[in-house]
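Only this structure's heavy atoms are used, side chains among them; waters, hydrogens and symmetry mates stay out.
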Amino acid sequence: MTLVLTLQPDDPTPPYEQVRRQLADLITAGLLGPGDRLPPLRQLAGDLGVAVGTVGRAYRELEQEGLLTSRRGGGTRVAAHGRAPAGGRRQLLGGMTAEFVARARTLGFTDEEIIVALGRQLPLS
């Protein structure tokens with residue numbers, strides 16, 4: 001699998017946290033599974049245009065959370081038990097939806113407008 005991570009320079013969230021969150025979401029969603037190998041620190045840092053320490057911090061935090069394992073010479077991999085708790089996918093989607101709805105409401109959209117917008121993005125077959 002090719003990892004597609006992006007950093008938003010205008011996001012006040014630190015770059016390491018953006019990387020950590022995106023990787024955790026990929027693991028939670030099941031797009032990265034147990035044993036999948038992540039890019040080496042230098043490679044991912046170069047791809048993202050950040051310092052190696054930025055990616056290193058994200059990897060370390062994910063390792064502390066039990067989602068990754070790192071071994072010298074063996075690279076960094078998704079932990080064998082690196083799955084989110086039961087319902088993790090559902091919780092992830094619920095959180096994303098809640099963020100979207102809250103942002104839309106902050107911008108003055110009504111619930112009806114939000115529902116219509118979602119319906120346009122999810123056309124029924």
**OP:** Would you check, one step at a time, whether the test side-chain contact (heavy atoms from CB on, under 4.5 Å) holds for D111 with R105?
**Re:** CA-CA 8 Å; D111 288 354; R105 284 179 175 158; 2.9 Å; yes
**OP:** Indicate the atoms forming the closest heavy-atom contact of Q18 with T13, along with that distance.
**Re:** NE2-O, 2.9 Å
Side-chain donor-acceptor pairs under 3.5 Å in residues 93-104, sequence neighbours left out?
| unit_1 | atom_1 | unit_2 | atom_2 | d |
| --- | --- | --- | --- | --- |
| T97 | OG1 | L93 | O | 2.8 |

Original post:
Taking all atoms of both residues into account, what is the closest heavy-atom pair of P39 and L3, and its distance?
Top reply: CD-CD1, 3.1 Å
Original post:
Roughly how far, to the nearest 0.5 Å, is the OG1 atom of T76 from the CD atom of E63?
Top reply: 7.0 Å
Subject >> Non-hydrogen side-chain atoms of R37 and V78 separated by less than 4.5 Å >> reply: no
Original post:
Can you name the closest pair of heavy atoms from G66 and A79 and give their distance?
Top reply: O-CB, 3.4 Å
Subject >> L23/L5 under side-chain contact (heavy atoms from CB on, under 4.5 Å): CA gap, chis, key distance, verdict >> reply: CA-CA 8 Å; L23 288 171; L5 302 178; 3.9 Å; yes
**OP:** State plainly whether one hydrophobic cluster holds both L92 and L31, where clusters connect Ile, Leu, Val, Met, Phe, Trp and Tyr through side-chain heavy atoms under 4.5 angstrom apart.
**Re:** no
**OP:** Take T6 and L48, measure what side-chain contact (heavy atoms from CB on, under 4.5 Å) needs, and give me the verdict at the end.
**Re:** CA-CA 7 Å; T6 57; L48 295 173; 5.9 Å; no
**OP:** Return the minimal non-hydrogen interatomic distance between R42 and V52, and the atom names on each side.
**Re:** CG-CG2, 4.0 Å
Original post:
How long is the span from the CD atom in Q64 to the CG atom in L67, to the nearest 0.5 Å?
Top reply: 11.5 Å
**OP:** Report the distance from atom OG of S70 to atom CG of L62, rounding to the nearest 0.5 Å.
**Re:** 9.5 Å
**OP:** With V50 as reference, evaluate V19, L44, L7 under the side chain to side chain contact (heavy atoms under 4.5 Å, CB included) test and give the passing residue.
**Re:** L7
Original post:
E113 versus V116: any side-chain heavy-atom pair under 4.5 Å?
Top reply: no
Subject >> Note, Q22 side chain near V4 side chain (heavy atom, < 4.5 Å) >> reply: no
**OP:** Hey, could you give me the OH/CG distance between Y59 and L38, rounded to the nearest 0.5 Å?
**Re:** 4.0 Å
Original post:
With sequence neighbours excluded, what pairs up with P14 under the side chain to side chain contact (heavy atoms under 4.5 Å, CB included) test?
Top reply: Y16, E17
**OP:** Look only at the side chain of R20 and the backbone of A58, and say whether a donor-acceptor pair between them is shorter than 3.5 Å.
**Re:** no
Subject >> Atom pair CD1/CD of I27 and E65 - distance to nearest 0.5 Å >> reply: 9.0 Å
Subject >> Under 3.5 Å donor-acceptor, D36 side chain and G33 backbone >> reply: yes
Subject >> Side-chain touch I114/L118, heavy atoms, less than 4.5 angstrom >> reply: yes
